[in-house]
> 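Take a look at the following structure, please.
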Amino acid sequence: MTQSNRLQQGGRIDRSRVLNFTFNGKTYQGHAGDTLASALLANGIDVVNRSFKYSRPRGIVAAGAEEPNAVVQLGQAEAAQVPNVRATQQALYDGLNARSTNGWPNVQRDVMSWVGKLGGGFMPPGFYYKTFMAPASMWMTYEKYIRKGAGLGRVPGENDPDIYDHMNQHCDVLVIGAGPAGLVAALTAANSGARVILADEQEEMGGSLLDSRETLNGAPASEWVEKALGELAGMDNVTLLARTTANGYHDHNFVTLHERRTEHLADTAPLANGRRQARSRLHRVRAAQVVLATGAHERPLVYANNDVPGNLLAGAVSTYIHRYAVVPGNKLVLSTSNDHAYRAALDWADAGREVVAIVDVRANPDGDLVKEAQSKGIRLITGSAVIEGKGANRVTGARVAKIDIDRFAVTGQVEELVCDTIASSGGYSPVVHLASHTGSRPTWRDDILGFVPGKVTGMTPAGGAQGVYILADVLHDGAQAGMQATQASGIDTVAELALPQTDSSRESPACALYQVPHEKPTLRAPKQFVDLQNDVTAAGIDVATKEGFESIEHVKRYTAMGFGTDQGKLGNINGMAIAARLLERSIPEVGTTVFRPNYTPVTFGAIVGRHAGELFDPERYTALHQWHVEHGAEFEDVGQWKRPWYFPQRRRAEDGERWETMHEAVARECLAVRNGVGILDASTLGKIDIQGPDAREFLGRVYTNKWAKLAPGRVRYGLMCKDDGMLMDDGTTSCLGENHFLMTTTTGGAAAVLEWLELWHQTEWPELEVYFTSVTDHWATMTVTGPDARKLLSEITDIDLDRDTFKFMDWRNGKVADVPARVFRISFTGELSFEINVQANYAMHVWKTLFEHGEKYDLTPYGTETMHVLRAEKGLIIAGQDTDGSVTPEDLGMQWAIGYDKPFSWIGKRALARTDTARQDRKQLVGLKPTDPRVVLEEGAQIVFDKDQAIPMDMQGHVTSSYYSPTLESGFALAVVKGGQERMGQKVYLPMPGGMTHEAEIVSTVFIDPKGERQNV
Amino acid sequence: MSDTTYGNVATFDTRPDMAIPRESPLSVAYHRGSVPAPSRDGQVLLEEKPFLGHLILRGGAIVLDEALREVLGINLPGRPLGLALDESGECSVQWMSPDEWLVIVPGGEEFELENRLRSKLGEAHFAIVNVSGGQTLVELSGEKARDVLMKSVPYDVHPQNFPVGKAVSTVFAKASAILRRPAEDRWELVLRRSFADYGYRWLLDAGEEFGIGVKR
């Protein structure tokens, strides 16, 4: 294939570098500096896609982010697939592989187009809703085929091989857009010493100056751009981000910038210096001030068949000629409502191709560009417009006629001009999208025929973004905005910038034209497209208003105008203007829809950043983690902690040697603790050091039970309630000294409890002299438990472990394995237990020494599952498992841990006296013994009293904890049952899905050693 | 003696008085072998400073300032987010909150320091808590150290906003960390023990493109 549309000279491409690329399976050539779009146009590719709904052939329309049609699927390998790429924004690289996202089986022969063609009048807005509504169950079937026919690309079926990251940025002035206004604003701010970030979404910075016919300081504008960029690049206080789209503008000037770092090089990121680099990066910018220099998008005119390939924006024609040396056709007809668009015809003529005519809707245009066109002998047809394009896969002609805008009618004879390209311009729409993200509504200005950004605190629009289009004015406006933003960021002295000289020409006023009238009424005329990406036509808006949709938000949702990745860049203003005309209102009365992030699609990788794989969420390790890993522990996530769940061992069975199942491992671990000695890593328990003369008083206020008489050396179990009287957390607290306590919390509750203590101290009782400090990570905790615990520990400690001097619920200082330790005689298993606490850096030594000495006692490491079984056998609750924020200590039968007569009204006391918390038929904690000992009830299973009751049955409670006990050789459970404490010995029923009903007896929560003798030995 | 009582508070020397094998919070990472050697073209260097003495001080600034100056020779940082170091740079005091400071001293000196501060402070209302086992200090240096931090913390680490002598507690990836700037060319992160491995993995990942190396 030859690049038939490529000019021999000019452009910003490097003709010496030929790049091969593939589009829809065919190979073509382009040059370094091309976008995929410019390379396709250079090769004369007309049809690049099929439209979303009608499956009509579509070509390239624009040259930037506003391109609605040339949305392609990129990537060679499956893992490197990227959907939703605009060909106009994708730099060409050698080996690039792109496919049309629509069109099945392909863009040239498309099945859906027959639906579209037949459908002409049969596919009004709401077509899919209306047609495939019934039966509802069939939608899933319809949808599969509709999606196949009409979609916008597909996600890769394999894992993304690339890496992505985030960068937090801060600056005084963030300038979005590096066109004339942005460059001048950035220079002004930077010269004044501000920290500046200048971001631009294109491959090259410079914006409109790169395709301008105008000069700056007498030289081509691009030369000034180069100089300005050189200056900025040399400054320490400036960060230049090319290929970077501001995709979201959030509250408080938090702006996310999506930087595509390697997408111009290959479909997966190449190595840099032999190392992996992020494919794209999301900059999370917190800017004191934002200068919005995003320019304006040209509005196409809405005429019949304005979607046939070969219909382009006038400005895009100029861009392709100037930047890429590509003329996208041979014979041009320009249809315009303003002077500015004349550049397209002049550039076309300068490129040596034929301009058939300029069709201007105005009666007497007389600006400098108009005169220049006339002087070149270009035919000018005034008071007229292109009312219809001809052709199927490429424009073959343009039907031109005199029109009357006020009467919305064609008033003269139609002339058909032979051409292959129709360029149109209906004026310019400032890019207000980002400002709209903040919730600020744009304002309509009649003088510029466009919406300008609404007010956003800390944001200054500049240049085209606020409807300033003449280059000299744009530069001045950019300087003003730069100055204003710099000062607002707190820098008083702003250096004034010498602006370059322009040769701006005089322009005659533009005319307001959106939809062009046709001889036939809108509903009968050939399709006049408003939103090309979503296939929304003027007729569709007509139907919507006729069906009673008057709010522009409703029109949008009924027609899909401005939906999805397009976000109404080309079509929205035209659509609103059409709705306004039909509703006989003004455009500001109709208003705009809301533009939402993202401005253009952002790859998920960039949003995720490095928070993926093993870094998805923090993994918290105890000081003994390495030992657990080496000893084959299966881990359980408890909050962010990795806790050993159980330690499976190899076992010899009938079917050969194999790993224990979890059930087998847990049974073995449980029996080891009940009959010998086991050890648990309990380091994850929350620990809070409490010091101060009022520490004891404070404990009395936050716990339900009494603390006044707990002596140094003693430990007490405590319950903590929220102010609603519901259990929040539990744990033991030890008295270390008269003014010094060590509180323990549940693993999951540690942070919340510390915050709770601080909250009450700082807001309610600041007069209490007490300080709280987390020491969770400082101490490692090892629980040695079982009948042999004392024998084992005594071998390696200097602490007197005698049962009468070191009693249950005592703690002692001493050494364990030569390491200073605090040992607490508390028990969560019901067995003789010692909790050894040492500084975490020494924990591994102590743990290993215990195992050296423990071998003869068959010391068995156990995990959280065994811990759960053992504690449940003793009726010991776990806050958050047996309670759920609606359970009081009284519901748990723990009246023994409530100090009703304490002098100060502790947190939750008043709530316990409420009628509802005091009633007798609340759900209360009980034990459940299944009649069939082989049954392990399901946790969460509902409990009923009458198993024969018809559904819906009266639910009387539910199972909170349930396990198999190897000691009892039976399943057993804890549950909450209405009035349960008065129902001991009664039978309850648990109906299961599938029809089976379990029977169980309400029993005490303590299943083993009800007198508690074993822990006291 | 590992056990002393000052007034009504029990102090406790958690260090053994003999050589005992010990493991820093990064030991799991070291066992895993993820310790990239510093390379010639590496632009970031990571080094753990394990086993230092870490004390949390709570109390009024005026009371603590005097005691600290006398006992440690360092003025309490007068301003929020302040970090004060002694001449050797080995002892530091960091502002944490209006009545909270972090003191870091060479490993083994923390218990002696606590006792001296306690006898100096007498009956005043204060708290001293030894947290040496619960956190570790990681030093970052090299020309791209700041870039690695920009990937990791939302706080502004530009020298204009983060001069030498500043320290903050901030979000670090999906956890939190203390970030300090003791010298022009060095940054310090204080990581909680249980989050240290996550933080270390994060730093190696974020520093990969700059050829991060670990000094051991």
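All chains are named by letter (A, B, ...) in the order of the sequence lines, taking the proteins before the strands, and each is independently numbered beginning at 1. The figures here come from the full heavy-atom set of this structure, side chains too, leaving out hydrogens, waters and symmetry mates.
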> Kindly assign one of parallel, tilted or perpendicular to the pair Y771(A) and H125(B), based on the angle between their ring planes and the thresholds 30° and 60°.
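Aromatic pair Y771(A)/H125(B) classed parallel.
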
> Which distance, rounded to the nearest 0.5 Å, do you find between the CG of N837(A) and the CZ of F12(B)?
9.0 Å

> Identify which part of M150(B) has an atom lying under 4.5 Å from any heavy atom of chain A, answering side chain, backbone, both or neither.
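Contact with chain A: backbone and side chain both.
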
> Quick check on side-chain hydrogen bond (donor to acceptor under 3.5 Å, both in side chains): which of Q640(A), R620(A), H625(A), K642(A) does S194(B) satisfy it with?
R620(A)

> Could you please state which residues from residues 25-36 of chain B sit under 4.5 angstrom from chain A, measuring non-hydrogen atom to non-hydrogen atom, sorted by number, or 'none'?
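Residues P25(B), V28(B), H31(B) are the ones that qualify, each having a heavy atom under 4.5 Å from chain A.
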
> Within the distance-only criterion (no hydrogens, no angle test), does the side chain of N739(A) pair as donor or acceptor with the backbone N or O of N8(B) below 3.5 angstrom?
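No; zero donor-acceptor contacts below 3.5 Å.
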
> Are a donor atom and an acceptor atom from the side chains of R15(B) and N841(A) found within less than 3.5 Å of each other?
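No, N841(A) and R15(B) have no side-chain donor paired with an acceptor closer than 3.5 Å.
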
> Can you tell me if H740(A) uses its side chain to pair, donor with acceptor, with the backbone of A10(B) under 3.5 Å?
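Answer holds: yes.
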
> Taking heavy atoms only and a threshold strictly under 4.5 Å, list by residue number the residues of residues 136-145 of chain B that touch chain A; give 'none' if the list is empty.
none

> Just verifying a value: how many Å separate K174(B) NZ and L615(A) CG, rounded to the nearest 0.5 Å?
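Reported value, rounded in 0.5 Å steps: 9.5 Å.
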
> Give, for atom OG of S39(B) and atom CG of N273(A), the distance between the pair rounded to the nearest 0.5 Å.
10.0 Å

> Using heavy-atom distances under 4.5 Å, tell me whether Q135(B) contacts chain A through its side chain, its backbone, both, or neither.
neither

> Using a strict cut-off of less than 4.0 Å between a Lys/Arg side-chain nitrogen and an Asp/Glu carboxylate oxygen, indicate whether E208(B) and R275(A) qualify as a salt bridge.
no

> Using a 6.0 Å cut-off, check whether atom CZ of F616(A) has over 12 heavy atoms from anything other than its own residue.
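No.
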
> Set out, in order, the CA-CA distance, both residues' side-chain angles and the distance that settles side chain to side chain contact (heavy atoms under 4.5 Å, CB included) for Y198(B) and E619(A), then state yes or no.
CA-CA 6 Å; Y198(B) 167 73; E619(A) 289 183 359; 5.6 Å; no

> Between E614(A) and R201(B), does any NZ, NE, NH1 or NH2 come within less than 4.0 Å of an OD or OE carboxylate oxygen?
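Result for this pair is yes, salt bridge flagged.
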
> Does the distance from a Lys or Arg side-chain N to an Asp or Glu carboxylate O, for D156(B) and R195(A), drop under 4.0 Å?
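Judged by the 4.0 Å cut-off on N to carboxylate O distance, D156(B) and R195(A) do form a salt bridge.
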
> Quick check: do Q839(A) and S132(B) have side-chain heavy atoms less than 4.5 Å from each other?
yes

> What verdict does the side chain to side chain contact (heavy atoms under 4.5 Å, CB included) test give for K151(B) and R610(A), after you've listed the backbone C-alpha separation in whole Å, the side-chain angles of each residue and the deciding distance to 0.1 Å?
CA-CA 9 Å; K151(B) 291 189 188 186; R610(A) 344 188 66 80; 3.6 Å; yes

> Without placing hydrogens or testing angles, list every side-chain donor-acceptor pair under 3.5 Å for residues 55-64 of chain B, not counting sequence neighbours.
from	atom 1	to	atom 2	distance (Å)
R58(B)	NE	D99(B)	O	3.3
R58(B)	NH1	F772(A)	O	3.0
R58(B)	NH2	D99(B)	OD1	3.3

> To the nearest 0.5 Å, what is the distance between CG (L149(B)) and CE (M167(A))?
10.5 Å

> For H778(A) and G133(B), indicate whether the former's side chain and the latter's backbone hold a donor-acceptor pair under 3.5 Å.
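Yes.
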
> For each of T622(A), I690(A), L271(A), D617(A), tally heavy-atom pairs with chain B at distances under 4.5 Å, and name the one with the top tally.
D617(A)

> Looking at A173(B), A206(B), P50(B), A175(B), which makes the most heavy-atom pairs under 4.5 Å with chain A?
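Counting heavy-atom pairs under 4.5 Å, the top option is A206(B).
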
> Measuring from R192(B):CZ to T776(A):OG1, what's the distance to the nearest 0.5 Å?
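The distance works out to 5.5 Å.
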
> Only one of V819(A), V838(A), V846(A) clears side chain to side chain contact (heavy atoms under 4.5 Å, CB included) with I20(B); which?
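It is V819(A); the other options fail the test.
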
> Which residue out of A817(A), G274(A), P618(A) racks up the most heavy-atom pairs below 4.5 Å with chain B?
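The candidate making the most pairs under 4.5 Å is P618(A).
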
> Can you measure from CG (D17(B)) to CG (D818(A)) and round to the nearest 0.5 angstrom?
8.0 Å

> Does any pair with a residue in residues 140-167 of chain B pass ring pair (Phe, Tyr, Trp, His ring centres under 6.0 Å), and if so which ones, sequence neighbours excluded?
Y155(B)-F162(B), F162(B)-W187(B)

> Show, in sequence, the C-alpha distance, side-chain angles and deciding distance for V775(A) and V129(B), and conclude whether the side chain to side chain contact (heavy atoms under 4.5 Å, CB included) test is met.
CA-CA 8 Å; V775(A) 287; V129(B) 182; 3.4 Å; yes

> For a side chain to side chain contact (heavy atoms under 4.5 Å, CB included) check, start with the C-alpha distance between D165(A) and E209(B), then their side-chain angles and the critical distance, and finish with the verdict.
CA-CA 11 Å; D165(A) 65 16; E209(B) 68 171 304; 3.8 Å; yes

> In the structure I gave you, are the side-chain heavy atoms of F126(B) and E769(A) within less than 4.5 Å of one another anywhere?
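In short, these two side chains do not touch, never coming nearer than 4.5 Å.
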
> Between V9(B) and L736(A), is there a side-chain heavy-atom distance shorter than 4.5 Å?
no

> Counting heavy-atom pairs under 4.5 Å to chain B, which of V770(A), V629(A), T684(A), I163(A) comes out on top?
V770(A)

